[in-house]
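Only one structure is covered here, and it is reproduced in the block below.
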Amino acid sequence: MSEMPNRESDESEIPSHRYDAALADSIETRWQSRWLADGTYQAPNPSGSLSDDPMNVADRPKLFVMDMFPYPSGAGLHVGHPLGYISTDVYSRFKRMAGYNVLHTMGFDAFGLPAEEHARQTGEHPRVNTEQNIANMRRQMSRLGLGYDERRSISTTDEDYYRWTQWIFLQIFDSWFDPEQNRARHIDDLVAEFDSGERLPTDGTVWADLDETSRRALVQSYRLAYVDDAPVNWCPALGTVLANEEITTDGRSERGNHPVYRRPLKQWMMRITAYADRLLDDLDLLDWTGSIKAMQRHWIGRSEGAHVDFAVVGFEEESIRVFTTRPDTLFGATYMVLAPEHPMVDRIMAAEWLDGTPVEWTGGEPNPADAVAAYRAKAAQKTDLDRQENKDKTGVYIGTDALVAVDGRKIPVFISDYVLMGYGTGAIMAVPGQDERDWDFAEQFGLDIVRTVQPSDGFDGKAFLGDGPAINSGFLDGFGVDDAKRIMIEWLTANGHGEGTVTYKLRDWLFSRQRYWGEPFPIVYDEDGMPRAVPESKLPVVLPELMDWAPRQLDKDSEPEPPLGRVDEWRDVELDLGDGPRTYRRELNTMPQWAGSCWYYLRYLDPANDEKLVDPDVERYWMGDPADGVGGVDLYVGGIEHAVLHLLYSRFWHKVLFDLGHVSGREPFKRLINQGYILAAAFQDERGVYVPADEIETSDDKKFTYEGRPVSRSFGKMGKSLKNSVTPDDMYVTYGADTLRLYEMSMGPIDQDRPWETRSVVGSQRLLQRVWRNLVDEATGDSTVVDAPAPDALRRLLHRTIEGVSADMNALRFNTAIAKITELNNELTKSPDPTPLEVADPLVRMISPLVPHIAEELWLSIGGAGSVTQVDFPSADPELLVDDTVELPVQVNGKVRARIVVATDASDDVVITAALAEENVAAHVAGRELRKSIVVPGRMVNLVI
RNA sequence: GCCCGGGUGGUGGAAUUGGCAGACACGACGGACUCAAAAUCCGUUGCUUUCGCGAGCGUGCGGGUUCAAGUCCCGCCCCGGGCACCA
């Protein structure tokens with residue numbers, strides 16, 4: 001205590017050892033230094049470099065608790081950011097005290113666009129700024145008392161880290177997906193199977209007849225990471241291509257809201273579609289919320305149905321393949337639609353309109369070719385937003401008809417933009433009777449509408465989507481939808497006109513970016529332009545220093561140009577890949593920001609290992625779960641915004657690593673919680689411009705003004721854009737970090753959004769002040785705790801509190817845990833007697849996960865040994881949880897009329913007799929006959945008259 | 001349109017299995033202490049009614065099941081989030 005600042009009162013009469021912000025500050029900073037020096041939060045590994053104390057592992061169960069790591073932004077934290085971090089910190093501390101070996105650390109997702117944009121503005125290299133920001137965030141987090149194992153912290157931009165990101169890429173590159181075994185295997189296995197003839201190439205080529213270059217090209221086409229010349233989302237303003245997931249629904253970039261154009265480009269892709277079923281099915285194994293599972297299921301978009309082939313009249317060798325979920329409605333198909341950009345359109349459109357072609361089918365053009373060209377031009381001009389807002393059906397006939405195999409009918413073929421090239425086969429059979437979109441189109445173009453399912457009685461809509469007996473459907477008539485589907489698929493298969501199949505909305509993952517600040521690919525190209533892996537021994541492929549790194553400002557029609565192409569001496573490299581030293585050209589794209597965040601949890605486990613990604617023993621210990629073989633991080637907390645991107649990519653990589661034997665379980669994150677956001681009042685002036693929320697004046701009649709002018713109030717996510725941020729530093733100055741932690745945890749359930757109210761923070765400070773005052777003399781700073789037995793009632797309350805707080809903390813219900821602690825402390829406050837050690841000791845242990853600094857100080861004060869972060873959490877004596885007597889509410893006809901106190905083990909008769917003896921009960925019964933009486937032991941009595 | 005959440009005092013929220021609705025806190029009001037203020041401590045605080053005891057009403061709305069419903073069932077309304085011409 002000697003180093004405590006002397007704040008003896010002069011005129012003011014504030015006691016010198018009152019728990020206020022200044023005292024909190026001195027306690028907090030002192031303990032933070034101490035924890036750092038002592039390595040208080042270090043978690044031992046079972047083996048390897050962090051296995052300093054193997055016995056600590058041997059006799060304790062493990063728990064791996066993780067937050068979604070942040071991007072090290074330059075703006076610093078506001079009080080909304082650490083909500084999740086405090087939750088995991090409290091939970092980790094509680095579990096550590098409950099006997100677990102807890103791994104909890106924090107890293108930084110530091111590659112990505114904002115660092116480049118900052119560098120573009122300042123001329124400073126991204127690495128300089130990134131490292132400053134990381135240092136600043138580390139400082140802010142440690143000031144909050146977040147207990148991390150700092151030895152395990154990583155940044156995705158560390159060479160020692162991205163070396164392994166590149167290594168994983170090579171594992172994926174050197175793999176293919178075996179559909180029979182439903183798993184990834186090494187690419188050499190594929191070559192061996194081709195060599196032996198055990199497997200035949202799916203493209204119909206004969207392996208033995210291929211030369212070396214063709215063989216290599218064939219193998220490329222099987223890899224899980226492959227180069228594809230595919231239509232991509234090109235964003236000239238950002239100078240890069242973007243993944244589908246990074247595009248908003250109105251066709252703009254999620255970052256910066258810039259226009260995005262579709263264009264074909266050679267890009268790296270990841271074959272995530274191969275894992276669609278496993279990504280879908282294994283969701284059932286996870287303890288995640290329903291909504292996030294629903295989002296992933298929807299994103300994967302599995303849909304069962306059939307492929308059906310339609311012969312094209314006049315083109316013997318062509319057939320149109322469609323995907324449908326309703327093969328049972330084939331008898332009701334009255335026309336077909338191809339996507340406007342479907343490659344078959346040019347081959348099968350007619351030269352001339354047939355006589356009698358309705359003029360509205362021709363788009364007013366003299367021949368099909370002109371109609372198609374005009375329609376395509378018009379469709380290309382529509383933005384995705386137009387298509388969403390205006391769902392009127394448009395299209396043109398291409399002059400050609402197709403044959404419905406099942407009954408030989410001839411039906412016209414249209415193109416229309418309501419059919420999307422990117423889903424199914426880009427072509428549909430249109431069944432207006434059972435599809436609303438087809439109905440609209442058929443009405444628009446005067447096409448036949450045939451119902452093939454009998455609508456239910458009273459149905460007065462258009463297309464009927466429900467179940468019912470098939471009609472107008474030949475051999476299907478009378479069957480329900482499910483049976484009819486099955487029978488039709490059997491017929492299609494038997495007659496060679498199609499087969500049952502499954503389609504997904506999930507697309508392969510576009511994996512390359514034209515950026516500087518990202519992981520370089522460990523790939524070089526030979527003179528044939530074929531990608532070759534850089535040998536493992538040459539990793540990492542280090543990102544070259546580059547001052548002219550900024551992306552060019554490009555226009556819509558320009559070629560994307562990767563910044564790394566400007567470093568000539570890096571671009572060309574001499575390597576020996578087994579056939580002598582040769583010159584190769586490096587891959588110049590970099591990986592997307594998702595790459596580093598796909599696997600960081602694994603590196604936390606064994607951050608210094610330079611032999612392996614992670615030692616298998618260490619991985620099994622922290623990730624393993626012998627019970628179900630699923631494995632994974634025990635608790636992962638982060639924002640809902642990563643519901644499909646990060647969490648789907650990460651699961652995909654983990655499954656590949658699992659298939660290849662590098663990890664022991666099938667899933668990376670066993671339990672996931674999405675924390676809510678902190679909302680705060682935001683104010684807009686009459687122009688709608690946000691004004692600083694901390695300069696608003698509130699008049700007596702609840703009107704808000706800014707600089708004398710009226711403003712309107714709303715609530716939104718705290719942040720810069722709404723000008724409603726509150727910084728943690730302000731809170732430290734006024735209250736201290738423990739108060740801030742306590743307030744954030746007491747606001748409500750962890751997964752719920754909550755409005756910030758600075759004026760309410762004082763309630764949390766008062767609790768800490770009362771706890772302090774119940775244990776410490778404010779004038780002298782000495783402990784007032786006495787070693788005397790607690791009164792029986794207090795002892796029983798203590799044990800009930802211990803029981804409740806343990807249960808709440810286990811279930812991450814920190815708000816109710818705090819309420820229970822408050823109740824116990826209120827009893828101490830009311831009591832004129834000094835606090836017995838019997839109560840003070842467990843009280844300090846109980847508050848320690850929530851408010852570790854003041855807990856350490858009080859622990860020292862009451863004579864506790866060591867750090868309170870490492871002692872046992874108190875446990876309740878079961879005998880003290882039951883009382884001899886219990887107070888029961890007495891209801892008459894369901895309304896409470898009195899309360900009685902009876903023995904806990906009183907018989908029903910005794911309870912009813914006691915209830916009837918109550919004056920107010922007797923008055924309500926009023927001599928009427930008791931028809932029924934219900935006694936719920938320990939809860940209540942209900943008398944029915 | 002479809003799929004997830006949610007709706008409880010002036011405010012944030014509590015009620016783990018159908019069993020005392022409103023724990024705990026903020027705010028407000030009253031009191032003690034003080035020359036005074038702050039801080040602290042004590043008390044009141046869902047609405048209506050009553051001097052009081054008490055009584056009536058009350059968990060978005062309308063029905064239902066039950067001795068008993070915030071909780072279960074049916075039908076709606078509103079708010080938030082996600083997806084959306086996905087065949």
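Remember, predicted model here, so these are calculated numbers, not experimental data. To find a chain, count down the sequence lines: A is the first, B the second, and so on, and within it residues start at 1.
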Checking all strands, does A:Glu757 fall into the base, sugar-phosphate, or nothing category for heavy-atom contacts under 4.0 angstrom?
sugar-phosphate
Donor-acceptor pair, side chain of A:Tyr743 and main chain of A:Trp756, under 3.5 angstrom
no
Among the nucleotides B:G27, B:C85, B:C20, which one has an atom lying closest to any side-chain atom of A:Val762?
B:G27
Touch class at under 4.0 angstrom, heavy-atom based, for A:Asp440 against every strand present:
nothing
So, OP1 or OP2 of B:G19: does either fall under 4.0 Å of a side-chain N or O from A:Gln891?
no
Starting from P on B:G56, measure out to NZ on A:Lys895 and report it in whole angstrom.
6 Å
Let me know the distance between CG of A:Asp751 and P of B:G81, rounded to the nearest Å.
16 Å
Please give, in whole Å, the distance from B:G1 P to A:Leu465 CG?
14 Å
So if I take every side-chain heavy atom of A:Val896 and compare against B:A21, B:A87, B:C85, which nucleotide ends up nearest?
B:A21
Whole angstrom value for the distance that separates P of B:U66 from CE of A:Met940
17 Å
Verify, without hydrogens or angle tests, whether A:Arg507 (side chain) and A:Gly422 (backbone) share a donor-acceptor contact under 3.5 angstrom.
yes
Report yes if a donor N or O on one partner sits less than 3.5 Å from an acceptor N or O on the other, where the partners are the side chain of A:Lys820 and the base of B:C24; otherwise report no.
no
Do the side-chain N or O atoms of A:Arg766 get closer than 4.0 angstrom to the phosphate oxygens (OP1, OP2) of B:A39?
no
Give a yes or no on whether the backbone of A:Asp417 and the side-chain of A:Tyr375 come within a donor-acceptor separation of less than 3.5 Å.
yes
Under 4.0 Å between a side-chain N or O of A:Gln752 and OP1 or OP2 of B:G6?
no
Within the 4.0 Å heavy-atom criterion, would you say A:Arg302 contacts the bases, only the backbone, or no part of the nucleic acid?
nothing
Closer than 3.5 angstrom, by distance alone: can the side chain of A:Asp751 be matched with the main-chain N or O of A:Gln675 as a donor-acceptor pair?
no
With the side chain defined as heavy atoms from C-beta on, A:Ser291 is closest, among B:C4, B:A39, B:G19, to B:C4
Can you tell me the base-pairing partner of B:C29? Count Watson-Crick or G-U wobble geometry only, both distances below 3.5 Å, and say none if there is no partner.
B:G43
Which part of the nucleic acid, if any, lies within contact of A:His924, taking any heavy atom under 4.0 Å across all strands shown: a base, the sugar-phosphate backbone alone, or nothing?
sugar-phosphate
Rounded distance in Å - OH (A:Tyr423) to P (B:C83):
17 Å
Which nucleotide, B:G10, B:A14, B:C67, lies nearest any side-chain atom of A:Arg759?
B:G10
Do any N or O atoms from the side chain of A:Arg796 and from the backbone of A:Val882 form a donor-acceptor pair under 3.5 angstrom?
yes
Just checking A:Met295: base, sugar-phosphate only, or nothing, at a heavy-atom cut-off of under 4.0 Å?
sugar-phosphate
Is there a Watson-Crick or G-U wobble partner for B:U59 with both distances under 3.5 Å, and if so, which one is it?
none
Partner of B:G18 under the Watson-Crick or G-U wobble criteria, both distances under 3.5 Å, comes out as none
Nucleotide nearest A:Leu420 when distance is taken to its side chain, options B:A87, B:G27, B:A14:
B:A87
Give A:Val419 one of three labels, base, sugar-phosphate or nothing, depending on what nucleic acid heavy atoms sit under 4.0 Å from its own.
base
According to the Watson-Crick and G-U wobble definitions, with both distances under 3.5 Å, which nucleotide is paired to B:U66?
none
Enter syn or anti for the glycosidic conformation of B:G9, syn applying to angles within 90° of 0.
syn
Of the listed nucleotides (B:A14, B:C85, B:C83), which one gets closest to any side-chain atom of A:Pro749?
B:A14
Given that both distances must come in under 3.5 Å, which nucleotide forms a Watson-Crick or G-U wobble pair with B:A38?
none
Under 4.0 Å, counting only non-hydrogen atoms across every strand here, what does A:Thr289 touch: a base, just sugar-phosphate, or nothing?
nothing
Under 3.5 Å on both distances, the Watson-Crick or G-U partner of B:G9
none
Whole angstrom value for the distance that separates P of B:A23 from CG of A:Asn825
18 Å
How close or far is atom C1' of B:A39 from atom CZ of A:Arg773, stated in whole angstroms?
9 Å
Checking base pairs now: Watson-Crick or wobble, both atom distances under 3.5 Å. What partners B:G1?
B:C83
Is the gap between the ring centers of A:Phe441 and A:Phe414 under 6.0 Å?
yes
Under 4.0 Å between any heavy atoms, over every strand shown, what does A:Asp438 touch: base, sugar-phosphate, or nothing? Just pick one.
nothing
Is A:Arg931 touching bases, backbone alone, or none of the nucleic acid, heavy atoms closer than 4.0 Å?
nothing
Is B:U71 paired to anything, Watson-Crick or G-U wobble with both distances less than 3.5 Å, and if yes, which nucleotide?
none
Do any N or O atoms from the side chain of A:Asn942 and from the backbone of A:Ile934 form a donor-acceptor pair under 3.5 angstrom?
no
Residue mapping more 5' on RNA chain B - nearest nucleotide basis, A:Thr822 or A:Gly426
A:Thr822
From B:G56, B:A87, B:C3, pick the nucleotide closest to the side chain of A:Ser303?
B:A87
Identify whether the distance between the nearest side-chain nitrogen and carboxylate oxygen of A:Asp284 and A:Arg297 falls below 4.0 Å.
yes
For A:Asn920 and for A:Val761, locate the closest nucleotide of RNA chain B by heavy-atom distance; then report the residue assigned to the nucleotide nearer the 5' terminus.
A:Val761
Reckon A:Asn826 has a side-chain N or O less than 4.0 Å from the OP1 or OP2 of B:A25?
yes
Between A:Ser746 and B:G12, does any side-chain N or O lie under 4.0 Å from OP1 or OP2?
no
Given B:A14, B:C24, B:C67, identify the nucleotide with an atom nearest to the side chain of A:Glu823.
B:C24
Once you round it to whole Å, what is the distance between P of B:C26 and CZ of A:Arg754?
18 Å
For B:A15, does either OP1 or OP2 sit under 4.0 Å from a side-chain N or O belonging to A:Arg939?
no
Geometric class of the A:Phe323/A:His307 ring pair [parallel <30°, tilted 30-60°, perpendicular >60°]:
perpendicular
Name the nucleic acid region contacted by A:Lys830, choosing base, sugar-phosphate or nothing; use a 4.0 angstrom heavy-atom cut-off, strictly under.
sugar-phosphate
May I ask you to verify if any side-chain N or O of A:Asn942 is less than 4.0 angstrom from the OP1 or OP2 atom of B:C20?
no
